[in-house]
Amino acid sequence: MNDINARIISALKEVLKEKYDLDAPAGILTVEIPKDPKMGDYSSTCAMRLAKTLHQNPKMIAETIAEGLREKLPDAETIEIAGPGFINFRMKKSALASVINTILDAGAKYGHNNSGEGKKILVEWVSANPTGELHCGHARNAAWGDSICRLLEASGWDVLREYYVNDAGNQIVMLGESLIARYFEYFGKEYPLPPDGYHAQDVKDIAVSIAEAEGDRWLDADPKERLAYFMAEGKNRELKKIDADLKLYGVRIDSWIHETLFYENDKARIKAVLKRMDDLGLTYEKDGALWFKSTEYGDDKDRVLKKSDGTLSYMTPDIANHVYKVERGYPLLVDLWGADHHSYVIRMKAALKALGYPADTLQVDLIQMVRMVEDGVEVKMSKRTGNAITIRELCEDVGVDAARWFFVSKDVATHMDFDMKLARTRSNDNPVYYAQYAYTRMFNILHKEGTPEFRREDSYDLLTDPHETEMLKLIAEFPKTVAESAKNRTPNRMCNFCQQLAREFHSYYNSCRVSDPQNPELTNQRLGLISAVMITMKNALDLIGVSAPEKM
RNA sequence: GCGCCCGUGGCGCAAUUGGAUAGCGCAUCUGAUUCCGAAUCAGAAGGUUGUGGGUUCGAUUCCCGUCGGGCGCGCCA
């Protein structure tokens with residue numbers, strides 16, 4: 001065990017057992033870095049938290065604990081009581097610096113932790129309809145979800161990254177019809193383009209590409225066959241583009257689940273779910289439609305499962321979709337939806353609850369709207385195409401790193417203005433480059449001509465500068481920060497971490513010289529520190545899909 | 001009308017999930033490069049956390065009311 005946090009906590013545990021014969025429940029024994037370094041390197045609030053359980057003054061508890069700790073924690077230089085019952089620790093410098101070798105050993109895996117304990121979790125996000133290109137509204141969802149997956153994976157969860165393809169509804173028929181119209185147009189023939197069809201350029205492009213590949217053989221084909229062909233071909237080509245754009249954006253999807261899957265074999269999966277609901281007495285018929293008694297599970301009105309015309313409402317195959325996730329062995333489900341779907345959350349949770357799944361099986365994070373802004377005014381359309389700005393255009397314009405950083409750095413629960421101009425600027429106005437520049441600077445130090453090769457040491461006892469202490473504490477916190485960001489699904493905390501680490505480093509850089517020929521021992525230890533900070537920074541940036549450049 | 005989300009210096013965001021004197025960036029002002037890249041740093045100024053109550057050792061965080069902004073209230077998807 002080489003983690004200071006863990007060592008303090010296990011010492012606290014021992015002392016509580018010894019002095020109070022108490023097995024402290026989880027969540028009570030926590031160690032934090034106080035805001036003000038004057039208070040100490042680390043701090044625990046456990047005495048105050050235990051005051052009620054032990055029926056004692058928190059200050060007295062703190063005294064008793066501190067007394068016991070002085071023998072059990074040789075890494076601590078001083079242990080003091082402050083305020084209403086804080087226990088403050090100042091650690092020996094060599095103890096703080098021991099994290100350097102931990103990081104050098106872990107390398108790209110530093111920060112990884114097992115807080116997820118191998119549990120299975122299925123994250124469904126993006127899930128845009130395959131009827132057009134991904135636009136910047138999807139970009140916030142895509143970046144956030146991908147970062148959540150990265151955090152969960154780094155925290156020992158068994159994650160399945162899934163995209164639900166809505167390919168069974170009327171919109172795919174419209175896509176097919178729109179493509180046929182453009183296909184006819186290509187050959188100079190007439191075919192009505194439906195008013196609520198898809199008029200965007202990319203639909204035209206697909207039609208032209210089909211025409212070039214297939215020739216005019218579909219002009220006189222059987223209309224039913226033709227529509228089926230154009231629907232399938234259109235969907236596949238749109239999905240290929242979506243996949244390519246997501247890859248460009250650094251987003252990986254492992255599993256594409258098509259809505260039509262649930263219609264296969266005469267709707268076998270949907271019928272099974274409807275039967276289950278019927279058997280549980282959750283449905284009734286009214287006005288020729290089949291209803292789900294969702295009000296009994298917290299909804300404000302009952303919902304239609306099967307419309308009076310015999311077709312299914314959107315929700316019905318989606319219930320089958322969620323059931324299928326659990327059936328594949330994923331007891332925990334996360335969905336990322338646009339905030340305009342918030343009423344749908346209650347509905348889907350009600351359905352799963354009614355089917356007998358635990359209440360917290362499904363967790364939905366709602367993503368608030370994004371407005372693209374330039375010079376203070378909203379930009380609705382791309383200047384180039386006249387359509388909504390696509391994710392691809394965004395990547396080409398501001399860059400993947402800036403786009404992802406901007407979307408991930410802000411909590412999705414709040415409305416966001418994406419400042420195109422700011423994201424584009426390569427200057428100190430732009431927070432992405434602040435963190436990346438710190439990495440580049442560190443790389444330069446290590447690879448500068450004349451910098452000696454770093455030799456690993458057993459102890460780094462010369463790193464006593466306050467800046468060095470702060471950086472050591474910060475990088476030692478990294479695995480804990482990753483675990484908490486994963487648990488709470490708050491990748492924006494990774495941005496804060498990067499920024500904080502960059503700030504500490506830049507400050508250090510300006511006040512201490514790393515490479516000093518007059519002092520080879522100190523130089524070597526500082527090179528060790530820089531190597532460790534670099535690894536941490538790179539790993540942190542990677543968790544939000546931002547690159548760590550060696551040159552800028 | 002009902003429901004959900006948000007409200008933190010001029011602007012954009014944090015706050016270790018209920019902890020100590022509420023932090024950071026931009027903008028403003030004053031300084032720092034013969035020295036590892038100035039896409040940098042040091043310092044100053046800027047706050048009754050929308051507002052009124054409540055819960056307790058302690059509230060930006062939890063509860064109730066209220067004001068302001070956004071979204072949603074289909075046999076659409």
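To find a chain, count down the sequence lines: A is the first, B the second, and so on, and within it residues start at 1. Side chains included, hydrogens not; waters and symmetry mates left out as well; all remaining heavy atoms used.
- The closest side-chain donor-acceptor pair between A/Asn5 and A/Glu477 falls under 3.5 angstrom.
- For B/rC62 and B/rG19, the P atoms lie 11 Å apart once the distance is rounded to whole Å.
- Using a 4.0 Å heavy-atom distance criterion, A/Cys512 is classed as a base contact.
- Taking atom C1' in both B/rA14 and B/rG7, the straight-line distance is 15 Å, to the nearest Å.
- In terms of position on RNA chain B, the residue among A/Arg303 and A/Asp411 whose nearest nucleotide sits closer to the 5' end is A/Asp411.
- Each of B/rC76, B/rA20, B/rC36 was ranked by its minimum atom distance to the side chain of A/Ala82; first place goes to B/rA20.
- At a threshold of 4.0 angstrom between heavy atoms, the contacts of A/Asp302 with the nucleic acid are absent.
- Considering CD1 of A/Ile100 and CG of A/Leu472, their distance stands at 5.0 Å, rounded to 0.5 Å.
- Shortest non-hydrogen contact noted between A/Ile172 and A/Met231 is O-CG, 3.4 Å.
- Within 6.0 Å of NZ on A/Lys306 lie no more than 12 heavy atoms contributed by other residues, nucleotides or ligands.
- In terms of position on RNA chain B, the residue among A/Ser313 and A/Phe86 whose nearest nucleotide sits closer to the 5' end is A/Phe86.
- Searching all strands for a Watson-Crick or G-U wobble partner of B/rG25 with both distances below 3.5 Å returns B/rC11.
- Look at CD on A/Glu484: it is 6 Å from P on B/rU17, rounded to the nearest Å.
- Rounded to an integer number of Å, the gap from A/Leu446 CG to B/rC36 C1' is 10 Å.
- For the atom pair A/Ile367 CD1 and A/His138 NE2, the distance stands at 11.5 Å (nearest 0.5 Å).
- In this structure, the nucleotide among B/rA77, B/rU17, B/rC24 sitting nearest to the side chain of A/Arg503 is B/rC24.
- When all heavy atoms of A/Val304 and A/Met315 are compared, the closest pair comes out as O-CE, 4.2 Å.
- The side chain of A/Ser343 sits closest to B/rG72 out of B/rG19, B/rU16, B/rG72.
- Nucleotides B/rU48 and B/rG31 have their P atoms positioned 30 Å apart, rounded to a whole Å.
- Nucleotide B/rC41: paired with B/rG31 (Watson-Crick or G-U wobble, both distances less than 3.5 Å).
- Picking from B/rG72, B/rA77, B/rA38 the nucleotide with the shortest atom distance to the side chain of A/Tyr509 gives B/rA38.
- Residue contacts shown for A/Ala289 include a base, since a base heavy atom lies under 4.0 Å away.
- Comparing the P positions of B/rG50 and B/rA45 gives a spacing of 24 Å, expressed to the nearest Å.
- Spacing of C1' atoms, B/rA20 relative to B/rA59, comes out at 14 Å, to the nearest Å.
- If you check B/rA39, B/rC75, B/rG19 against the side chain of A/Lys307, the one that comes closest is B/rC75.
- By the 4.0 Å N-to-carboxylate-O rule, A/Arg303 lies close enough to A/Asp300 to be salt-bridged with it.
- Here A/Thr481 lies out of heavy-atom contact (under 4.0 Å) with every strand.
- Looking at heavy-atom distances under 4.0 Å, A/Asn166 makes no contact with the nucleic acid at all.
- Regarding A/Ile445, its CD1 atom lies at a distance of 5 Å from the C1' atom of B/rC36, rounded to whole Å.
- As rounded to the nearest Å, B/rC24 and B/rC36 have P atoms that lie 28 Å from one another.
- Taking atom CD of residue A/Glu504 and atom C1' of nucleotide B/rC41, one finds them 13 Å apart after rounding to whole Å.
- Side-chain contact, A/Arg489 with A/Gln363: a donor N or O sits under 3.5 Å from an acceptor N or O.
- The base of B/rC36 is not paired with the side chain of A/Thr451 by any donor and acceptor separated by under 3.5 Å.
- Using a 4.0 Å heavy-atom distance criterion, A/Asp287 is classed as a base contact.
- For the pair A/Asn57 and B/rC57, the criterion of a side-chain N or O lying under 4.0 Å from OP1 or OP2 is not met.
- The separation between A/Leu312 atom CG and B/rA77 atom P is 9 Å, rounded to whole Å.
- Here B/rC73 is the nucleotide among B/rC75, B/rC73, B/rA77 with the atom lying nearest to any side-chain atom of A/Lys301.
- With distances taken from any side-chain atom of A/His415 to the nucleotides B/rC5, B/rA15, B/rC36, the minimum falls on B/rC5.
- When heavy atoms are screened at a 4.0 angstrom cut-off, A/Asp300 is found touching no nucleic acid atom at all.
- B/rU16 sits 15 Å from B/rU21 when the P atoms are compared, rounded to a whole Å.
- Applying the 90° criterion around 0 to the glycosidic angle, B/rU51 comes out anti.
- Rounded to an integer number of Å, the gap from CD of A/Glu259 to C1' of B/rA77 is 9 Å.
- No engagement by A/Asp417 is indicated, since no non-hydrogen atom pair under 4.0 Å with the nucleic acid exists.
- Both thresholds, 5.5 Å between centres and 30° between ring planes, are not jointly met by A/Tyr434 relative to the base of B/rG25, so the two rings are not stacked.
- The number of heavy-atom neighbours closer than 6.0 Å to NZ of A/Lys59, taken from other residues, nucleotides and ligands shown, is 12 or below.
- Nucleic acid contact for A/Lys480: none, since no nucleic acid atom lies under 4.0 Å from a heavy atom of the residue.
- Nucleic acid contact for A/Met369: none, since no nucleic acid atom lies under 4.0 Å from a heavy atom of the residue.
- Across all strands, A/Lys286 comes closer than 4.0 Å to base atoms (heavy-atom distances).
- Nucleic acid contact class of A/Asn488 (heavy atoms, under 4.0 Å, all strands): base.
- For the P atom pair drawn from B/rA39 and B/rU60, the interatomic distance equals 40 Å after rounding to whole Å.
- In the set B/rA77, B/rC36, B/rC75, B/rC36 carries the atom at the smallest distance from any side-chain atom of A/Lys448.
- Judged purely by distance below 3.5 Å, without hydrogens or angles, the side chains of A/Asp302 and A/Tyr284 pair a donor atom with an acceptor atom.
- Nucleic acid contact for A/Thr440: base, since at least one base atom lies under 4.0 Å from a heavy atom of the residue.
- Ranking B/rU40, B/rC57, B/rC36 by closeness to the A/Arg441 side chain, first place goes to B/rU40.
- Under the Watson-Crick or G-U wobble criterion, with both distances below 3.5 Å, B/rU17 is left unpaired in every strand shown.
- Below the 3.5 angstrom threshold, one finds no donor paired with an acceptor across the side chain of A/Asp318 and the base of B/rA77.
- Here B/rA42 is the nucleotide among B/rA39, B/rA42, B/rA20 with the atom lying nearest to any side-chain atom of A/Ser507.
- Rounded to an integer number of Å, the gap from A/Leu366 CG to B/rG3 C1' is 13 Å.
- Side chain A/Ser43 to base B/rA20: a donor-acceptor pair is found below 3.5 Å.
- Base-pair partner of B/rG72: B/rC2 (Watson-Crick or G-U wobble, both distances under 3.5 Å).
- Contact annotation for A/Gln368: backbone-only contact, meaning every heavy-atom pair under 4.0 Å involves sugar-phosphate atoms and none involves a base.
- Between A/Asn496 atom CG and B/rA14 atom P there is a gap of 7 Å when expressed in whole angstrom units.
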